[in-house]
Amino acid sequence: MHSFSYVDGTLRCEGVDLGEIADRFATPAYVYSSATIRSNYRRLDAALAPLDHLLCYAVKANSNLAVLNLLSKLGSGFDIVSAGELFRVLKAGGRADRCTFAGVGKTREEIAFALREGVYSFNVESEGELTRINEVAGSLGLKAPVAIRVNPDVDAKTHKFISTGKSKNKFGIGIDRAAEVYQVAAGLPHLKIRGVQTHIGSQILEASPFAEAAEKLAALVRDLKQAYDIEFFDFGGGIGIVYDEALESGSPAWWEAHGSSTQRITPEDYAAAIIPVLKPLGLRILFEPGRFLVGNAGALLSTVQYVKQTPAKTFTIIDAAMNDLIRPALYEGWHEIVPLRQSTNEKTVMDVVGPVCESGDFFAQDRPLAPLHPDDRVAVLSSGAYGFVMSSNYNSRPLLPEILVDGEKFHLARERQSLEDLVRGESIPE
Ligand code: LLP
């Protein structure tokens, strides 16, 4: 569900005309809908209500302080993967004791910072990390709460770059070795075993891989519960969203027509697949949704610069680029592109590309879209997750502003970088 729709031919985010945002802050710019984030959070939270559960928003999906603050006010915990993400959560008013700290490469400094702040759990990915956390905790006179990330060897049926739960992936401890590694943890004096964690991948559109992972893990968790003081099972994130037909998918009628298809997982499908397996565990269940909460809540606004006709193709060149949204280039991600002002039902086949000097710098290829002209403005939809956070200064392009809409109001949640910002901290030797 989301809050982007046309009113009298003009694209709006909630009660705000996106043309007004583009006039005010210029393009390219990211816009997020508070109502969408709230409604996604509440819908998932309600679907999982039969479980004693906590949603720990995966900060990596969108770490703007305003977004984190909104989620924190809804009661969300946070899944963090770096000291930087913990710092952001705290700045945004979030609580460390509702944070799980994941990631295969935690440094000593990051571990110490998280221990001092009192994170709820370290999700541990290797024996080396267990030893390191034990040492750092010992040196600070603290006990570190840990969960071991277990890799269930399940095929998440998603893009290979974002599949994490196969035994060939770098993540977690293989399920057949998990019991042994828990024993190692139990022997380390500055650790407190608190839970079990897993995460099989991202943009998963079917319920079956989740059900399979839940079943595989449930048996292990039951055994571990006999031996240790296990308080929670963290089931990770990964619920996929609709990218094609993104605009239509905002309406309840669309979901009625398409919602039950296996390719469009809903929070209710997800809950139905796992609750019967997870509830009998009698534990607190954590979830780490990222994309589901914020993906459809974001749009990247951009202005057409040129339309270039070659014998092979029509290239519509816009002012946003792969450095602003890398998903098409990196994962062949498909994002719906719509004009801010609807004009005609006519379509022409085009490539929508950015100004960066790479052929991978595209937003759409061979796509039928309403004809676009220089100065027309477009929205690249469903870019609220893994959009701004993965952007870079490549080609010395300043990072974009982020605007959070709430009803009729909007707030500049991050300023556009200036040219001076681009060189801040750099110097030339004497
Ligand atoms: N928990 C862990 C341990 C994760 O690694 C991730 C995502 C999540 C939770 C959240 O997953 P989500 O609910 O958002 O699917 N940049 C890629 C996605 C990378 C996902 C990385 N891990 C993309 O744009 O598709």
Side-chain angles (χ1 to χ4, degrees), residues 30 37 40-41 44 48 54-63 67 71 76-82 85 99-106 119-126 129 147-152 154 156-166 169-173 195-206 209-210 213 217 232-243 265 267 270 274 285-298 300 322 324-335 363 380-392:
Y30 274 101
I37 299 174
N40 288 341
Y41 182 90
L44 183 58
L48 297 168
L54 175 66
L55 301 186
C56 293
Y57 167 64
V59 173
K60 63 170 81 66
N62 184 327
S63 57
V67 170
L71 282 158
S76 188
F78 297 94
D79 160 39
I80 55 167
V81 291
S82 66
E85 286 192 351
C99 283
T100 58
F101 190 177
V104 294
K106 300 174 191 80
V119 294
Y120 179 60
S121 175
F122 289 87
N123 293 340
V124 178
E125 304 251 7
S126 64
E129 189 189 327
I148 287 171
R149 176 168 178 175
V150 179
N151 185 328
V154 165
K157 302 183 190 158
T158 183
H159 191 280
K160 64 176 189 297
F161 286 2
I162 52 177
S163 172
T164 55
K166 289 290 287 173
N169 299 129
K170 70 179 172 186
F171 300 98
I173 302 279
V196 184
Q197 199 267 358
T198 195
H199 169 78
I200 58 171
S202 192
Q203 184 55 11
I204 299 170
L205 288 165
E206 289 176 47
F210 291 119
L217 265 293
F232 74 88
F233 175 41
D234 179 343
F235 195 56
I239 307 173
I241 62 167
V242 176
Y243 280 98
I265 194 170
Y270 175 76
I274 57 174
I285 311 290
L286 269 49
F287 295 92
E288 303 171 350
R291 188 188 321 259
F292 174 77
L293 297 180
V294 294
N296 290 129
L300 169 58
M322 65 188 289
D324 303 312
L325 177 66
I326 203 170
R327 300 197 67 264
L330 196 55
Y331 317 107
E332 298 159 318
W334 199 101
H335 288 259
F363 292 97
V380 182
L381 299 177
S382 311
S383 45
Y386 308 109
F388 180 88
V389 286
M390 295 183 79
S391 62
S392 76

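Here the structure is a predicted model, which is why all the values come from computation and not from measurement. Below, all heavy atoms of this structure are taken into account, side chains as well, without hydrogens, waters or symmetry copies. Numbering of ligands and ligand atoms starts at 1, following listing order.
Remark: side-chain polar atoms of Thr198 are paired, donor with acceptor, to backbone N or O of Val150 under 3.5 angstrom. At distances below 3.5 Å, not a single donor-acceptor pair connects side-chain atoms of Glu288 with backbone N or O atoms of Tyr57. Between the side chain of Gln203 and the backbone N or O of Gly238 there is no donor-acceptor pair closer than 3.5 Å. Judged by distance alone, the side chain of Asn40 and the main-chain N or O of Phe292 form a donor-acceptor pair under 3.5 Å. Put simply, the side chain of Asn123 never gets that close to the backbone of Arg149: no donor and acceptor are under 3.5 Å apart. A distance-only check finds no donor-acceptor pair linking the side chain of Tyr386 to the backbone of Ile326 [under 3.5 Å].
Per-residue contacts place Met390 under 4.0 angstrom from the following atoms of ligand 1 (heavy atoms of the residue considered): 16 (N). Near Gly237, meaning under 4.0 Å from any of its heavy atoms, are these atoms of ligand 1: 9 (C), 13 (O). Within ligand 1, the atoms closer than 4.0 Å to a non-hydrogen atom of Arg149 are 3 (C), numbered from 1 in the order shown. Close approach of ligand 1 to Gly290 is summarised as follows: ligand atoms under 4.0 Å from at least one heavy atom of the residue are 12 (P), 13 (O), 14 (O).
Judged by the shortest distance from any of its heavy atoms, Ala61 lies outside the 4.0 Å radius around the atoms of ligand 1. Within the structure, ligand 1 has Pro289 among the residues with a heavy atom less than 4.0 angstrom away.
Here's the thing with Gly238: one of its N/O atoms is less than 3.5 angstrom from an N/O atom of ligand 1. At least one N or O atom of Arg291, backbone or side chain, sits closer than 3.5 Å to an N or O atom of ligand 1. Checked against a 3.5 angstrom limit, the closest N/O atoms of Ala102 and ligand 1 fall outside it. When only interatomic distances are considered, the shortest N/O to N/O separation between Tyr386 and ligand 1 falls below 3.5 Å.
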Let's go through Lys60 and Glu85 carefully: what are the C-alpha distance in whole Å and the side-chain angles of both, what is the deciding distance for salt bridge (Lys or Arg N to Asp or Glu O under 4.0 Å) to 0.1 Å, and is it a yes or a no?
CA-CA 8 Å; Lys60 63 170 81 66; Glu85 286 192 351; 5.8 Å; no
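Between Phe287 and Tyr270, the two ring planes are perpendicular [angle over 60°; tilted spans 30° to 60°]. A tilted orientation is assigned to the rings of Phe210 and Phe235, their planes being inclined by 30° to 60°.
Atom-to-atom distance recorded for Thr100:OG1 and Gln197:CD is 7.0 Å, nearest 0.5 angstrom. In this structure, OG on Ser76 lies 7.0 Å from CG on Leu54, to the nearest 0.5 angstrom.
Nearest protein heavy-atom neighbour of atom 24 (O) of ligand 1: Arg327 NE, 2.6 Å. Of the protein's non-hydrogen atoms, Glu288 O, 3.3 Å is the one closest to atom 9 (C) of ligand 1. For atom 21 (C) of ligand 1, the closest heavy atom belonging to the protein is Lys60 CD, 3.8 Å. Regarding atom 8 (C) of ligand 1, its nearest protein heavy-atom neighbour is His199 CE1, 3.4 Å. Distance from atom 19 (C) of ligand 1 to its nearest protein heavy atom, with residue and atom name: Ile162 CG2, 3.6 Å.
Checking Tyr243, Tyr331, Phe292 against atom 23 (C) of ligand 1, the nearest heavy atom belongs to Tyr331. The heavy atom nearest to atom 15 (O) of ligand 1, out of those in Gly103, Gly172, Ser202, is found in Ser202.
Only the side chain of Asp79 comes within contact range of ligand 1, with a heavy atom under 4.0 Å; no backbone atom does.
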